[in-house]
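Reviewing the structure listed below.
Every number for a ligand or one of its atoms is a count from 1 in the order of the listing.
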Amino acid sequence: MESFVIEGGRRLSGSIRVDGAKNAALPILAACVLTEEPVMLTGMPDITDVRRMAEILRMLGCQVLHEGHCMRISGMEMCSHEMPDQLSKQIRSSIFMLGPILSRFRQATVTYPGGCEIGLRPIDLHLSGLRALGVSVQEEGGVIHCDGSAMHAGEVHLDYPSVGATENVMMAAACLEGTTTIRNAAREPEIVDLMSFINRMGGRVRGAGCATITVEGVGRLHGCEYAPMPDRIAAGTLLAAAAITGGEIEVTNAPVGDMYAVNAKLREMGCEVHELRDAICLKAPQRLMAFPLLQTQPHPGFPTDMQAQMLALLSVSEGTGVIVENVFENRFTHAGDLNRMGARILCSGRTAVVRGVEGLSGAQVTARDLRGGAALVLAGLRAQGETRVDGAELIDRGYERFEVQLRRLGAKIDRIHTLT
Ligand code: EPZ
């Protein structure tokens with residue numbers, strides 16, 4: 001197992017650039033199989049989830065060359081419509097392959113991606129969306145067989161604006177003759193990026209970023225070159241790292257226009273936040289002020305993927321604040337470990353009430369999910385003494401060499417390998 005060991009109490013400062021967004025890169029990788037021609041991707045985040053997705057594509061017969069931030073994917077030799085079970089379970093976003101595989105083969109077999117620490121992660125909305133396009137779905141023993149032989153363009157209404165379901169339906173419809181309409185679609189920026197990618201391949205998608213998306217099916221898509229949008233959650237996490245240590249930071253290559261909700265909350269806590277064309281500058285006060293209430297919502301509301309980081313900031317703020325997690329049913333897994341460090345967090349269901357404390361004390365804690373793990377690292381940057389965060393592998397899923405980035409900003413943090 002790998003752990004981060006942090007010596008807290010140091011102000012973070014400096015300038016740092018964010019890479020491509022994990023949650024844009026993963027659906028874009030899935031969409032590469034919509035064409036048989038090669039696709040060149042640059043500016044990809046060098047993270048575990050991208051490497052795992054590349055593995056899934058190879059197991060389906062695709063040729064994938066992967067060097068750091070660059071990838072070349074050729075779906076020409078793709079030969080299987082069956083998702084490898086062990087990999088489907090390892091990475092939630094394997095479910096994004098459903099739409100593209102159906103588009104290529106008119107049939108698909110996937111296993112339930114399974115839940116994770118933050119919730120059950122059902123896929124009913126994915127399946128109902130595909131059924132609206134004429135796909136017949138048989139579920140048996142955790143395996144889902146989709147028959148798309150009678151697939152057609154159509155009207156899809158999502159009961160909830162699910163990011164993954166919106167992306168799956170968009171990809172399934174890209175080459176379906178006729179016009180598909182997706183209503184109550186998710187509006188996340190990563191969906192706009194997926195639309196841009198599909199259109200770069202010759203697709204005709206309109207309206208991503210709004211609640212209604214139209215997909216005019218085209219006969220075939222061609223290869224292209226593309227770079228996914230920058231990662232707004234990685235950018236927000238770096239801003240939070242400076243904020244919790246009373247520091248000052250410039251985050252460059254940031255998707256400024258997609259970060260207003262996060263920047264507004266940081267200002268509410270007393271940070272000076274300046275938004276430039278593609279950079280965000282933050283100067284933190286010595287002590288943050290508690291915001292009264294933060295509610296996570298689908299975009300453009302406050303992003304659930306920044307909730308854990310804000311809980312860490314709230315823990316050391318002056319005053320009392322409340323966080324309501326409206327998107328996932330179990331996303332306060334990090335609260336217990338923050339309390340071990342001296343925080344005063346009371347959780348009940350989807351609500352956390354936090355009474356800010358002056359400081360935290362270093363402790364041995366464990367990452368239970370990607371963003372909760374990042375929050376524990378942020379708390380360690382602030383805490384007096386040494387904090388060890390076990391489960392660094394979970395954080396590597398979504399952050400590229402997190403310790404190197406933080407060290408560049410002045411943190412004292414090392415990665416160690418522990419036997420247990
Ligand atoms: C995407 O997950 C992101 N992952 C998540 O980021 C992000 O938290 C989430 O969107 C919300 O923004 C990727 O893009 C790879 P949803 P996704 O479908 O698509 C329920 C991170 O840390 N739901 O919008 O799975 C679901 O249980 C990760 O980077 C159904 O009930 O999110 C959840 O409560 C974590 N049925 C809510 O909707 C379904 O069929 C939102 O899920 C699908 C979802």
Exercise. Would R331 count as a contact of ligand 1 if the rule is a heavy atom under 4.0 Å away?
Worked result: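 Within the 4.0 Å threshold, so yes.
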Exercise. R371 side chain to D369 main-chain N or O, any donor-acceptor pair under 3.5 Å?
Worked result: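 The answer is no, because no donor-acceptor pair under 3.5 Å joins these two groups.
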Problem set entry | Side-chain donor/acceptor of T111 to backbone N/O of G142, under 3.5 Å |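 Pair absent, no side-chain N/O of T111 close to backbone of G142.
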Sub-4.0 Å atoms of ligand 1 with respect to non-hydrogen atoms of [X]:
| X | result |
| --- | --- |
| I123 | 39 (C), 40 (O) |
| V327 | 33 (C), 34 (O), 37 (C), 41 (C) |
| G164 | 18 (O), 19 (O) |
| R121 | 2 (O), 17 (P), 25 (O), 27 (O) |
| Y160 | 37 (C), 38 (O), 41 (C) |

Exercise. How does H126 reach ligand 1, by side chain, by backbone, by both or by neither, if only non-hydrogen atoms under 4.0 Å count?
Worked result: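 Both the backbone and the side chain of H126 come within reach of ligand 1.
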For this session: Quick one: look at H299 and ligand 1, take heavy-atom pairs under 4.0 Å, and tell me if it's side chain, backbone, both or neither.
Result: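 It is neither part, as no heavy atom is under 4.0 Å.
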Is it the case that [X] and [Y] place a side-chain donor and acceptor less than 3.5 Å from each other?
| X | Y | answer |
| --- | --- | --- |
| E139 | Y112 | yes |
| D193 | Y226 | yes |
| E55 | H66 | no |
| S3 | D390 | yes |
| E188 | N23 | no |

What is the closest protein heavy atom to [atom], and at what distance does it sit?
| atom | value |
| --- | --- |
| atom 32 (O) of ligand 1 | F328 CZ, 4.1 Å |
| atom 22 (O) of ligand 1 | R371 NE, 2.9 Å |
| atom 3 (C) of ligand 1 | N23 ND2, 3.6 Å |
| atom 18 (O) of ligand 1 | S162 OG, 2.7 Å |

Problem set entry | Worked verdict on L409 versus L238 for side-chain contact (heavy atoms from CB on, under 4.5 Å) | CA-CA 9 Å; L409 294 167; L238 291 166; 4.2 Å; yes
Exercise. Is the closest protein non-hydrogen atom to atom 37 (C) of ligand 1 under 4.0 Å?
Worked result: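 It does: a protein heavy atom is found less than 4.0 Å away from atom 37 (C) of ligand 1.
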Is there any N or O on [X] that sits under 3.5 Å from an N or O of ligand 1?
| X | value |
| --- | --- |
| T304 | no |
| E329 | no |
| L125 | yes |
| D305 | yes |

Problem set entry | Derivation and outcome, side-chain contact (heavy atoms from CB on, under 4.5 Å), residues V39 and F197 | CA-CA 10 Å; V39 172; F197 174 66; 3.8 Å; yes
Problem set entry | The one among V163, D231, N168 that brings a heavy atom closest to atom 1 (C) of ligand 1 |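 Among V163, D231, N168, the closest heavy atom to atom 1 (C) of ligand 1 comes from V163.
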Exercise. Which is closest to atom 27 (O) of ligand 1 by heavy-atom distance: P122, A25, G119, S128?
Worked result: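 Comparing heavy atoms across P122, A25, G119, S128, the nearest one to atom 27 (O) of ligand 1 lies in P122.
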Exercise. Is there side-chain contact between F332 and I345, with heavy atoms separated by less than 4.5 Å?
Worked result: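 They are not in side-chain contact.
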Exercise. Which residues pass the salt bridge (charged side-chain N to carboxylate O under 4.0 Å, His left out) test with E325, sequence neighbours left out?
Worked result: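 Salt bridge (charged side-chain N to carboxylate O under 4.0 Å, His left out) list for E325, sorted by chain: empty.
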Problem set entry | Intermediate values then yes/no, side-chain contact (heavy atoms from CB on, under 4.5 Å), T42 and H69 | CA-CA 6 Å; T42 54; H69 297 131; over 6 Å; no
